[in-house]
Structure formats: C-alpha cells, structure tokens
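So the structure is just underneath, and the comments pick up after that.
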Amino acid sequence: MNEKINVTDIFGADVFSDSVMRERLPKKVYAEVKRTVETGADMSLATADVVANAMKDWAVERGATHYTHWFQPLTGITAEKHDSFVTAPKNGKTILEFSGKELIKGEPDASSFPSGGLRATFEARGYTAWDCTSPAFLREDATGVILCIPTAFCSYTGEALDKKTPLLRSIEAVGSQALRILKLFGNTTSTRVTPSVGAEQEYFLIDRDKYLQRKDLIYAGRTLFGAAAPKGQELEDHYFGTIRERIGAYMKDLNIELWKLGIPAKTQHNEAAPAQHELAPIYEQANIAVDHNQLVMETMKKVAGRHNMTCLLHEKPFAGVNGSGKHNNWSLTSDDGINMLDPGKTPHENIQFLLVLACIMRGIDIHADLLRQSASNVGNDHRLGANEAPPAIISMFLGVQLEDVVKQLVETGEATSSIRGGKLDTGVHSLPVLAKDATDRNRTSPFAFTGNKFEFRMVGSADSIADPNTTLNAIVAEAFCQAADRLEQAPDFDTAVHDLIKEYMSEHQRIIFNGNGYSDEWVAEAARRGLPNIRSMVDATATLTTDKAVALFEKFGIFTRAELESREEVLYETYAKAINIEALTMIDIATKQIIPAVISYTTELATSMNAVTGACPEADISVQREILMEVSALLSDTKVALSSLKERQTEAASCPEAKTAAFYYKDEVVPAMTALRSPVDRLEMLVDKKYWPMPSYGDLIFEV
C-alpha cells in the first residue's frame with residue numbers, strides 16, 4: 001500500500017520561510033527583514049544577529065548540527081563548506097552559536113574555482129554574501145541535517161565569481177526599467193516588478209548496476225559508444241505513457257523531497273525517449289527559481305541512488321533518441337499582480353502589452369547571438385540544430401493571433417482586430433464543446449510566446465538557468481530603457497507610443513518565425529534575413545565580449561568587461577577540458593575493453609573454424625569466414641581511428657591558450673572521436689554479446 005501524503009503538511013517544512021520568520025522573529029525585526037528583501041535596504045548587524053539566532057534555533061530543533069553558505073560558482077553546480085554550530089566549550093558545556101556576522105558573510109577559498117583570470121592561484125580570499133531574497137533551507141543526507149544559506153560569491157577585489165550575483169543584478173535592472181514602462185501608462189500602484197520563471201526539467205533514469213559497467217557514463221555523463229537498439233522511440237509509445245512502478249516510486253520520493261524544500265513540483269510524465277522523463281514546477285521569482293532548479297537536479301540524483309538507479313542530466317546521453325533540454329518559461333510580474341506579458345482577450349487594443357512585445361522583439365533581434373550563447377554548453381552541441389531540439393537560430397514564435405496584430409501594425413500603422421480562439425467541436429455528442437486558444441503551439445521554436453509568457457526552449461538539461469535568465473533580463477532591460485527614454489520626453493505620449501511600437505515591430509519583424517524550425521528551408525530563410533546561425537558552444541563564446549555585449553551589461557552594472565572576459569576564458573577552458581575527458585575515456589575504453597574483447601571473439605571464431613575443418617574438411621565455413629573477415633576489418637579500422645584520436649588529443653592538450661585549445665578540440669578531436677565510434681558501433685552488432693564489455697543501449701534504456 002502506498003503511504004498517503006498530505007502535501008499541505010509537508011510543503012516547505014524544511015524552509016526558513018516567511019511564515020516561519022513571522023512566527024519566530026520580533027515584529028520590528030521581521031519588518032526590517034521584509035524591507036530588505038523587497039527594497040534592498042541595508043540590514044543592521046543587530047537585526048542580522050536576531051535572525052541568525054532564530055534561524056539556528058529552528059535548524060537545531062530539526063536536528064541540524066552544521067550550517068553552510070550555499071553558492072553557485074562558475075562550475076555550473078553548487079558548492080558548500082560545512083561549519084558546525086559548536087563553539088569553544090565553557091565550564092565543560094558545549095555552546096551552540098550562530099551570529100549575524102556568520103550569517104551575512106563567509107570566506108571560502110576562491111583560488112580553486114574557475115575564475116578566468118580574475119583570481120590567481122595564490123590569491124585565495126573570496127567572500128560569500130547572504131542572499132536574503134532566497135530562503136534558507138535544511139538538507140538531510142549521510143552528513144546529517146545541514147542548514148543551507150543561499151549566498152552570492154565574489155572575489156576579494158569585488159568581481160562576481162558566481163552565477164547568482166549577475167542574476168540578482170539583472171533582476172534589479174529589468175525590474176527598474178519595467179516600472180518605468182508601467183508608470184508611462186499611469187500605473188501608481190506597482191512598486192516592484194520581478195521576472196518569474198518556471199524551468200521544465202528533463203532527465204533519464206537507468207539502472208545503477210548497468211551504469212557502473214559503463215566508463216563513458218561514469219566519466220563523461222553520456223555514452224561515447226553504443227549501437228542503436230532494435231527499438232527506439234519510433235513507436236512514440238513512451239511519451240505520456242503509463243509510468244512504470246519503479247519509476248513511479250522514484251517520482252513519489254522525489255516529489256516529497258522537493259515539496260519539503262518548498263519547491264512547487266507540479267507535473268511529472270514520461271518523455272519522448274525510452275527511460276526519459278520530465279518534471280515541471282509552478283512559476284516563481286527568478287532568483288528562487290534558479291536556486292530551486294539547482295536543488296531539483298541535486299535531489300534527482302540523490303533520490304535515484306536510493307532506488308538503485310542513476311539520474312542522467314546530460315543533454316545527449318544516448319545517440320539516436322531524443323536528448324534532454326530545460327524549457328525556461330519567463331514573464332514579468334508586478335507586486336500587485338500585473339503580468340506584463342498578458343495580452344488580454346483583445347491584444348490589438350492593449351497598448352501596454354504591444355509596447356512590451358515590441359521591446360522584447362527588439363531586444364531578442366539585436367542580441368540574438370547573446371541569447372544563443374546563454375544556452376550554450378558542451379552537451380547542448382549535440383542537440384541544438386540537430387533536428388530534435390530548437391534550432392541554433394534564434395527566432396520568436398508569436399502564433400497566428402499576435403503575428404496578425406504585428407502584421408496590421410507594420411503594414412497599415414493600425415491594429416483593428418484580433419483573431420479569436422473560437423470553439424473546438426470533437427464531433428462526439430457526449431463530449432463538451434471546448435474553448436479553443438487563438439493560436440497553436442510551435443515546439444520547434446527556440447523562443448515561443450505561450451499565452452502570457454515566453455518559453456526559451458534552448459537551455460540544456462544539465463545547465464544552470466542563471467545565465468539564460470541573466471541575459472534575457474539584460475536584453476529586455478535595455479529595450480525598456482531605450483523606449484522609456486524616448487516616451488518620457490514625448491510631448492504627445494499616445495502618438496509617440498503608437499509610432500514607437502510600429503517602428504520597433506517594423507525594424508525587427510525578421511525575428512518572427514511561426515513555421516518549422518527544423519526544416520532546411522528555414523536555415524536558408526534565416527540566412528536571407530540575416531539572422532545568426534551559431535552551431536557550437538565554442539563559436540558562441542566570443543559573443544560575450546563584443547563591444548555590443550560589453551555596452552549592454554556594463555550599462556546596467558550586470559557584468560564588467562573584466563567579468564565578461566573571465567567568463568569567456570572559463571567557457572573555452574570548460575569545453576576543452578570536457579572534450580579532453582571524453583577523448584581520453586574513449587581511448588581508455590577502446591584500448592582496454594573493446595579491442596581485447598574483439599580479439600578474444602575473433603580468436604575463438606578462428607579456433608572454432610579450424611576445429612570444424614579439422615573434424616570435417618568438407619564443411620562449409622563461408623559464413624564464419626565472412627564474419628571473421630568483416631570483424632577483423634572493422635577491428636583494423638578501429639585501431640587506425642584510435643591512433644588518430646590519440647594523436648589529435650595529444651596535440652590539443654599541448655595548446656597553450658584556452659581558446660586555441662577549444663577550437664582544436666571542436667575541429668579536430670571531436671571528428672576523430674566520431675571516426676572512432678563508427679567502427680566500434682558496427683562491431684557491437686557483430687560480436688557475440690557475451691564478449692561485449694559493456695551493457696548495450698537496449699540494456700540501459702529498456703531494462704530500468
């Protein structure tokens with residue numbers, strides 16, 4: 001029997017939430033904390049001391065022994081250093097203390113994290129600063145119960161060494177510029193606008209015992225070899241199919257863990273590929289959504305271990321079936337409930353929405369290269385533009401209704417109507433007539449309008465969503481700022497806003513595409529329109545340090561030039577290191593496992609052939625001979641390809657600069673890896689399974 005769960009009893013149980021603070025803090029202290037959270041006002045050390053003591057008491061009551069400043073360095077994952085609440089004993093008694101100073105600031109070593117040259121190895125000091133806009137939480141595992149305090153991470157000289165600091169800067173930037181837009185339309189009630197985000201998380205689950213037999217999965221997170229199974233996803237029977245018992249038990253435990261952390265996990269289902277699944281949350285403020293997505297990924301891996309499974313978050317763990325992405329749903333919402341991306345029932349009459357839409361069109365068109373870069377990582381190179389994910393070309397899908405409104409404004413200067421949704425009659429009298437949306441959806445679009453938000457579909461499944469949202473916030477902040485600068489000075493606002501909307505939509509309509517983003521025709525059409533087609537992470541990286549990008553980020557204090565240059569360096573280094581690990585893993589597997597296995601098989605085959613001819617000279621062994629010749633030829637091809645990969649890997653590893661190395665890995669090592677994989681995957685289809693040294697695709701994705 002399944003244990004019954006009351007979600008309302010467990011939701012947020014491990015979070016030092018607003019309700020917990022209201023209960024445990026004096027009214028004046030609580031009011032000061034709320035003021036800091038909502039306005040950014042400074043918090044006094046005395047108040048911090050009270051908060052820290054209340055936080056410590058709450059955590060200790062729930063079994064906590066340690067606390068940590070939980071931060072997000074440029075590795076893309078989280079980091080933490082645990083300190084116990086224990087202080088020096090007094091009169092033989094142990095004292096538990098946690099001060100406001102310890103809450104507000106930590107000093108982890110900053111020399112061993114990626115910094116792109118911002119920190120030298122001998123310069124070790126870094127600081128973590130409490131982010132009071134994201135609530136502290138408890139996490140329980142083999143180390144015990146730990147109080148986790150979300151923090152930003154910066155260097156001794158003040159540069160951001162993490163993903164949270166720029167995100168927080170971008171949230172302030174887009175919020176302040178969005179308020180200017182609202183005030184242009186006479187809004188006097190909204191005092192704050194924040195981006196809201198919901199990140200849909202795709203993932204694979206495989207049996208852990210089989211995972212441990214695959215060095216490529218262990219070291220690289222994806223299969224570097226593997227022939228296709230007889231069945232893949234061609235029957236489309238896994239998508240939204242019945243969830244198997246073992247997977248269902250995992251999902252149940254995962255939901256409980258996430259709900260306790262205050263993460264509003266909403267949707268769960270089987271995805272397109274065998275062994276692939278998805279979890280989607282309800283929307284939250286962007287900063288909290290980013291923190292929560294990191295916790296979702298960590299919790300997915302932890303809970304999988306309890307069920308003797310491994311959670312794979314790599315964007316393309318298996319060739320030939322769908323990879324995994326992370327759709328980043330983004331909107332802007334005021335503190336009094338206004339969604340600035342809500343078009344209403346008659347969007348042609350909603351001038352505020354049309355201005356917001358025009359600004360977003362402008363921002364996405366001008367900075368398409370930056371938005372593409374924000375979704376770049378090593379694994380995503382296997383998806384973007386590969387006929388399964390959104391293409392590497394940035395475009396916007398608006399749907400029939402909004403595209404028609406834009407067309408009216410561009411062609412005539414006036415929008416006089418909006419296409420209505422109508423009714424959907426199924427033709428079955430016992431079924432209700434359904435209200436139909438005004439437009440269909442487009443799953444091939446990288447940046448699609450879906451009713452009252454934009455869905456940025458390019459983000460990789462293993463990636464942090466901090467970078468995409470930082471970039472998106474910055475792009476929109478700039479467009480809002482430019483529009484507000486003009487409209488605030490306009491003598492006739494109504495005429496000026498009308499003209500500005502038409503101007504922006506006319507100049508940037510090329511970014512709108514409602515068709516099939518997977519088609520070759522779109523690639524040619526995008527080139528004709530002048531839209532960038534950046535197919536790899538390495539090619540996208542340089543977009544961070546163009547004069548256009550530096551001007552954008554520096555204008556709003558999101559990044560300095562030095563911080564952008566450091567991130568460019570980190571990305572080149574990350575790519576080179578990741579591909580180097582993959583290349584070395586392929587060399588190791590081919591040398592120590594595959595070639596010996598194939599030699600053993602061919603030796604037995606040849607021995608058995610000799611035995612047959614010795615016992616029965618007239619026996620027909622043409623089939624055995626043919627197989628032996630084919631396998632031996634592929635083994636020879638494997639050895640040649642292996643030698644070629646070794647040479648190129650050695651050359652790449654000797655490149656003195658990160659950028660040079662990254663391009664060499666992309667242009668020389670990756671093709672050499674593909675060349676090695678080809679004969680090996682063919683060998684897998686010929687060699688007796690008892691000799692093959694690792695589980696097959698069928699073993700991995702169908703036997704979970």
Side-chain angles (χ1 to χ4, degrees), residues 2 200-211 214 217 221-223 225-255 265-281 296 300 303-304 307-327 379 382-384 386-391 424 426-428 431 434 440-445 448 450 455 457 460-462 516-519 681 684-685 689 692 694-704:
N2 279 333
E200 305 167 29
Q201 181 70 53
E202 295 176 345
Y203 60 99
F204 281 82
L205 287 174
I206 63 172
D207 185 83
R208 182 158 183 80
D209 293 336
K210 296 184 178 72
Y211 163 83
R214 300 267 327 200
L217 287 176
R222 73 179 183 102
T223 53
F225 299 106
K231 177 187 176 184
Q233 63 190 65
E234 61 271 19
L235 292 180
E236 300 170 335
D237 55 342
H238 188 258
Y239 190 53
F240 279 25
T242 302
I243 297 170
R244 284 170 287 177
E245 286 285 305
R246 187 179 184 188
I247 304 302
Y250 166 83
M251 289 180 170
K252 176 185 174 183
D253 285 354
L254 176 63
N255 283 330
K266 177 73 172 177
T267 302
Q268 61 189 29
H269 61 85
N270 290 345
E271 253 297 334
Q276 187 185 34
H277 313 279
E278 180 178 301
L279 178 146
V296 165
M300 281 179 165
V303 174
H307 293 260
N308 199 34
M309 293 189 290
T310 294
C311 175
L312 301 178
L313 294 175
H314 193 284
E315 286 73 21
K316 192 72 171 180
F318 304 104
V321 298
N322 269 25
S324 296
K326 181 149 50 188
H327 300 167
H382 299 283
R383 294 178 60 247
L384 300 184
N387 292 323
E388 66 170 73
L424 178 65
T426 63
V428 179
L431 296 179
L434 305 175
D440 205 344
R441 290 192 175 186
N442 188 330
R443 62 180 291 111
T444 72
S445 175
T450 56
E455 183 179 30
R457 298 171 56 89
S461 52
N516 181 7
Y518 293 170
S519 68
D681 287 358
E684 184 179 350
M685 303 300 294
K689 185 174 176 62
W692 200 250
M694 62 189 77
S696 68
Y697 271 21
D699 299 330
L700 291 167
I701 63 178
F702 286 104
E703 299 180 13
V704 184

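Start at 1 with the first residue, then count along the sequence.
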Would you say the side-chain atoms of Ser696 and Glu684 include a donor-acceptor pair closer than 3.5 Å? no
Carboxylate-amine/guanidinium proximity below 4.0 Å for Lys689 and Asp699: yes
Cut-off 3.5 Å, side chains only: do Gln233 and Asn322 have a donor facing an acceptor? yes
Mind checking whether Glu278 and Thr267 have side chains closer than 4.5 Å, heavy atoms only? no
So, for Gly221 and Pro317, which heavy atoms are closest and what is the spacing to 0.1 Å? O-CB, 4.1 Å
For Arg246 and Val704 the tightest heavy-atom approach is NH1-C, 3.3 Å
Check whether any side-chain N or O of Asp681 sits under 3.5 Å from a backbone N or O of Gly226 as a donor-acceptor pair, and report yes or no. yes
Any donor-acceptor pair under 3.5 Å linking the side chain of Lys326 with the backbone of Ser461? yes
Rounded distance (nearest 0.5 Å) linking atom CD of Glu703 with atom CG of Asp207: 9.0 Å
Going by atom types alone, do Glu315 and His382 pair a side-chain donor with an acceptor below 3.5 Å? no
Closest non-hydrogen atom pair between Phe702 and Pro274, with its separation: CZ-CG, 3.6 Å
Under the 3.5 angstrom rule, does the side chain of Arg457 hit a backbone N or O of Thr444 as a donor-acceptor pair? no
Search all heavy atoms of Ala229 against all heavy atoms of Tyr697 and return the closest pair with its distance. N-CB, 4.2 Å
His269 side, atom NE2; Met251 side, atom CE - distance, nearest 0.5 Å: 8.5 Å
List the atom pairs, donor and acceptor, that lie under 3.5 Å between side-chain atoms in residues 237-245 and the rest of the protein, sequence neighbours left out.
residue: Asp237; atom: OD2; partner: Lys231; partner atom: NZ; Å: 2.7
residue: His238; atom: ND1; partner: Glu271; partner atom: O; Å: 2.8
residue: His238; atom: ND1; partner: Ala273; partner atom: O; Å: 2.9

Short question: side chain of Tyr203, backbone of Ser324 - any donor-acceptor pair under 3.5 Å? no
With sequence neighbours excluded, tell me which residues meet side-chain hydrogen bond (donor to acceptor under 3.5 Å, both in side chains) with Glu202. none
Please enumerate all residues that pass side chain to side chain contact (heavy atoms under 4.5 Å, CB included) together with Ile206, with sequence neighbours excluded. Tyr211, Leu217, Thr310, Leu312, Phe318, Leu700
Do Lys316 side-chain atoms and Val321 backbone N/O form a donor-acceptor pair below 3.5 Å? yes
Side chains of Leu254 and Val296, heavy atoms from C-beta outward: is any pair under 4.5 Å? no
Can you name the nearest heavy-atom pair linking Ala304 to Tyr250, along with the distance? N-CE1, 3.3 Å
Side chain to side chain contact (heavy atoms under 4.5 Å, CB included) evaluation trace for Arg214 with Thr223: CA-CA 8 Å; Arg214 300 267 327 200; Thr223 53; 3.6 Å; yes
